[in-house]
Each structure stands twice: as C-alpha cells, then as structure tokens.
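One structure below.
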Amino acid sequence: MDAIHILGGNALFGETKIQGSKNAVLPVMAAALLIEDVCMIENCPHISDVYHMQQLLESIGCKVVWSDGTLTIDARNILEDTMSGDHVTGMRSSITLLGAMLGRIGEVTMAYPGGCVIGERPIDMHLNALRRMGVAIYEKDGCFTARVKELYGAVIRLPVSSVGTTENVILAAVMAKGVTVIQNAAMEPEIVTLCEFLREAGAVIEGIGGSVLIIQGGHALHGIRFRVPADRIVAGTYLMSVLGAGGHIFLEDAPVAQMQSMLSMAEKIGAEIHVTREGLNIIANEFKKPVSYVKTEIYPGFPTDMQSPLMAVLSTCRGESVIEETIFEDRFRIVEQLRKMGACIELKGRRQALIRGVESLLGCEVTAEELRGGAALVIAGSMALGETIVKNCHFIERGYEDICRDYRNLGVNIYGK
C-alpha cells in the first residue's frame, strides 16, 4: 500500500540528521549540464524528485552514478535535445533544464512541467525572460521548443521574485555573451547555492544573496566537487512536529541560518530554541500559544512550504490563529483532511484560513494531495490520538528521503508501505 501508518498522541524525544536540500540539489544537477566535465555532488538526498532529474539527464546523454550520498554527473556528451514523459510532466523542477539546455546546446524541446497541484504556476515568466536574451519559443501540442543561435546578456527585471525564473536566467546567463543583470531576483538559499556552485565551477556572478544579480557570461566552466547544504524545509517539518506533539528533540545539521522565520514562529508558539555548532535543540512548551496572524512570503519571510505543517500545529493551539497564503492560491488543500481529524478550520476565500484550536486531533484515514501537505498530515498523525493512515505517500517521497526512519528516530510509532 502507498500509505504511512502512525500511532500518535505521544511527545517526541530523540535526534535525527537533516538530509541534503531538495530545492538546492535539483538546480545544481541542472547546472551540471553546462559543464563539459565531471561534477560530484555530495550530500545528495535519495528522493524521487532527484531520481526523476537523474533519468532526465541520462535521457539526453549524461552519465549519472550514485555512491552513497554522492552523485557523479558526467555531462561531456549531450546526445539529445528533447525531453518528454512522466519525468518532465510529474516534476516542476524539470523547467530548470530549459535554461541549462539553452546554455549548453542552444536548443531544447520539452513537455510542460508538472509537480504538485498547489495552484497556477505558469512558465510565461521563464519564457519572456529568455526571449530578452535572444531565445525564440515555438509552442505546439502541449510541448514547446526553445532555440537560440547565441545567447546575449540583458537587463531583466522580474515582475515577481520567482525562484524558478531566477534559476533559469542564471543558467542561461553564465553561457551568454556579455553581462546579464537580474533585478528583483529571488533571494532564497537555493539561489545562493546555485550561484556558489557555478562560481566554484568558474562562472563570474556578483550580488549573490541579494535581489540584484550581475552575471558576466562566457567564462569556461570546469568540473568540481560540491556539497549540497541541509534541507531547511525538512528541518522545519520536524521542528513543527515537536511543537505539535510536545517533547524535546535535536536536529543534527539543521541549517539554522536559513530558518530564522521558522524559529521565530516556534518561539511565538512557545518553544525553547538552543542553537549549537552541531544543529538545533528544540524544547516544546506544554501550553502552545495561537498565532494571531501569519502570512507566507518570499525569503526571508515565512515560507509557503511550511504553511501546511504550521496549520497542523495551530489546529491544537487553544485560541484563534489566522494564516494568509500569498504565494500559491491552492495551498489549503490539506484543510479538508485536517477537518476529518477534528480540526476546526474556516476558509475565507482561497487565501486565508481561520484556525480555532481544539483539544486534540483524532487519528483516521487521510489522503495526501501534494508534497508539503502530505508531510503536514504526518505531523498531524504524530499529534493525534489513535492511529492515522496517510495515503498517497508517494507525494511525500518527492522531498523526504525516509520520513518514517526520521520520525522513528524521534520516538514516533510509525511505519510505511
């Protein structure tokens, strides 16, 4: 069965190590396409999205080899310019291969990317930005072809601070002729990681970590060994779990510097946070406080990926809390599942939720509909009295290496398929 079983209602105690970042490693894998050499990516998580990206790279001629947590990519021979099938349509991050393929061979045909159903995520911004660099786009029968004889640097102001569009422009710009300036660039840690990878490989990028990136294109790139940072969203998931269920846990390698908005939220709810050189200690308060108002924002604000996990926690914080979702308009798909467990949540349109905390959640059978919502249901199951069965756990496997192992390390009675 594609399901996770949880016997909840007990506080969490123990420690677990945080895996490498999903959102960082996927664009780094795409960037390896630009390098006619061999790259070794350390701390690479064993998750289904990485496997999809691996198969996409192999389908166009790359050689990809695993050795424990290190992924070796040999991109010296690119043999194909067409990508289609489930590995494209089932994973939103496949769109980052657009900029990489244009930078490497100047042409790509691909199906429109898919991923989790959490709202409209059109790629028009990607295509319009690349057109500014000389790319021609042809669309037909659910696919599109992007083609360019030579990429040219340009000044590109993004209408929205989009992570995916920023990544695509960076990947094209490092191979373009001249200088590219990206204004209103996304500042997420994953963008910083991509820029650091490319800079170590020989690219010239200024303004890393800020909203304006300046890229001098055309510099030769070479193979490198690179370590992916720990996953801030996975760490945030386990942080929310102990807030909801209570207890005291330690998260080894938690990327604390990237988690400030989450840690601030945890302290508002009542947790005691201790940062060490090795990671993060969290002691939950027995009496959780509601949060009068929180909204999701681009980094460094509270991340949209943590909205569903936070909602699960707030469902048992006595009092009223309000969450406003400003990134994706369909992020509240988890609400009906939490209601089945006894949560009292009222939706105000598609962007705002009012949560009235109940004494406890009750275990039952629920269904994951997307990645982070699925993880939030596991949190809810660890909080709930009785047994919770979370179906469709393949969504969770997109971003969590072994969520059952990690929760068992934290003392949860949990097993998977």
Side-chain angles (χ1 to χ4, degrees), residues 23-36 49-50 52-62 73 75 78-115 120-154 156 158-177 180 182 185-186 188 190-191 193-195 197-198 203 213 215 217 221:
N23 290 338
V25 75
L26 294 173
V28 166
M29 290 175 70
L33 262 183
L34 298 174
I35 302 170
E36 295 185 53
D49 268 15
V50 168
H52 282 305
M53 184 67 84
Q54 174 185 348
Q55 289 170 312
L56 279 171
L57 293 176
E58 290 174 334
S59 74
I60 57 176
C62 295
I73 300 175
I78 304 300
L79 306 175
E80 293 287 340
D81 61 16
T82 299
M83 290 178 286
S84 59
D86 292 343
H87 301 307
V88 174
T89 57
M91 183 180 68
R92 176 69 183 181
S93 297
S94 61
I95 191 63
T96 57
L97 292 169
L98 172 59
M101 287 290 282
L102 289 169
R104 177 63 187 273
I105 63 173
E107 183 171 353
V108 62
T109 296
M110 63 190 303
Y112 283 94
E120 293 297 324
R121 299 198 280 185
I123 66 169
D124 290 354
M125 201 184 327
H126 301 249
L127 302 182
N128 290 336
L130 292 168
R131 286 187 178 105
R132 297 285 306 276
M133 303 177 73
V135 178
I137 312 290
Y138 310 92
E139 302 179 64
K140 184 179 180 181
D141 299 330
C143 294
F144 66 92
T145 296
R147 186 178 296 129
V148 66
K149 289 185 177 179
E150 185 173 26
L151 287 162
Y152 288 93
I156 299 171
L158 302 182
V160 177
S161 180
S162 160
V163 172
T165 306
T166 301
E167 289 169 346
N168 256 326
V169 175
I170 291 169
L171 291 167
V174 296
M175 306 303 286
K177 183 178 180 180
T180 297
I182 308 174
E188 272 70 5
E190 297 78 34
I191 299 295
T193 299
L194 174 61
C195 290
F197 171 82
L198 289 166
L213 293 172
I215 304 162
L221 303 181

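Keep in mind that what you see is a predicted model, and the values were worked out from it rather than measured.
Within the model, atoms OG1 of T109 and NZ of K140 stand 11.5 Å from one another, a figure rounded to the nearest 0.5 Å. Atom CG of residue L158 and atom OG1 of residue T165 lie 6.0 Å apart, to the nearest 0.5 angstrom. In this structure, CE on M175 lies 9.0 Å from CG on L151, to the nearest 0.5 angstrom. If you take CD1 on I156 and CE on M133, they are separated by 5.0 Å, rounding to the nearest 0.5 Å. The distance from atom CG of D49 to atom CE of M29, rounded to the nearest 0.5 Å, is 10.0 Å. In this structure, CD1 on I60 lies 4.5 Å from CD1 on I78, to the nearest 0.5 angstrom.
Looking only at distances, a side-chain donor or acceptor of N168 sits under 3.5 Å from a matching main-chain atom of I95. The backbone N or O of A30 sits nowhere less than 3.5 Å from a side-chain atom of T96 that would complete a donor-acceptor pair.
What you find for A146 and L102 is that their closest heavy atoms are O-CD2, 3.6 Å. When all heavy atoms of L130 and A172 are compared, the pair lying nearest together is CD2-CB, 3.8 Å. Scanning both residues, C143 and A111, for their nearest heavy atoms gives SG-CA, 3.9 Å. The two residues T166 and S162 have their closest heavy-atom pair at OG1-O, 2.7 Å. Nearest approach of L34 to A100, heavy atoms of both residues: CD2-O, 3.3 Å. Minimum interatomic distance between L213 and C195 (heavy atoms only, all atoms of both residues): CD1-SG, 4.3 Å.
Annotation: side chain to side chain donor-acceptor pair (under 3.5 Å) contacts of S161 (sequence neighbours excluded): none. Residues passing the side-chain contact (heavy atoms from CB on, under 4.5 Å) test with A31 are L171, L194, F197, L198, sequence neighbours excluded. For R147, the side-chain contact (heavy atoms from CB on, under 4.5 Å) partners at least two apart in sequence or on another chain are E107, Y138, T145. For R132, there are no side chain to side chain donor-acceptor pair (under 3.5 Å) partners at least two apart in sequence or on another chain. E188 is linked by a side chain to side chain donor-acceptor pair (under 3.5 Å) to nothing, counting only residues two or more places apart in sequence or in another chain. Every residue meeting the ring pair (Phe, Tyr, Trp, His ring centres under 6.0 Å) condition with F144, not counting sequence neighbours, appears here in chain and number order: Y112.
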Step-by-step side chain to side chain contact (heavy atoms under 4.5 Å, CB included) determination, L57 to L97 | CA-CA 9 Å; L57 293 176; L97 292 169; 4.0 Å; yes
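M83 has its side chain within reach of M101: a pair of non-hydrogen atoms, C-beta onward, lies under 4.5 Å apart. Counting heavy atoms from C-beta on, the side chains of L26 and E190 never come closer than 4.5 Å. Side-chain contact between L98 and L127: present, with at least one pair of heavy atoms (C-beta onward) separated by less than 4.5 Å. Looking only at side-chain heavy atoms (C-beta outward), S94 and H52 stay at 4.5 Å or farther from each other.
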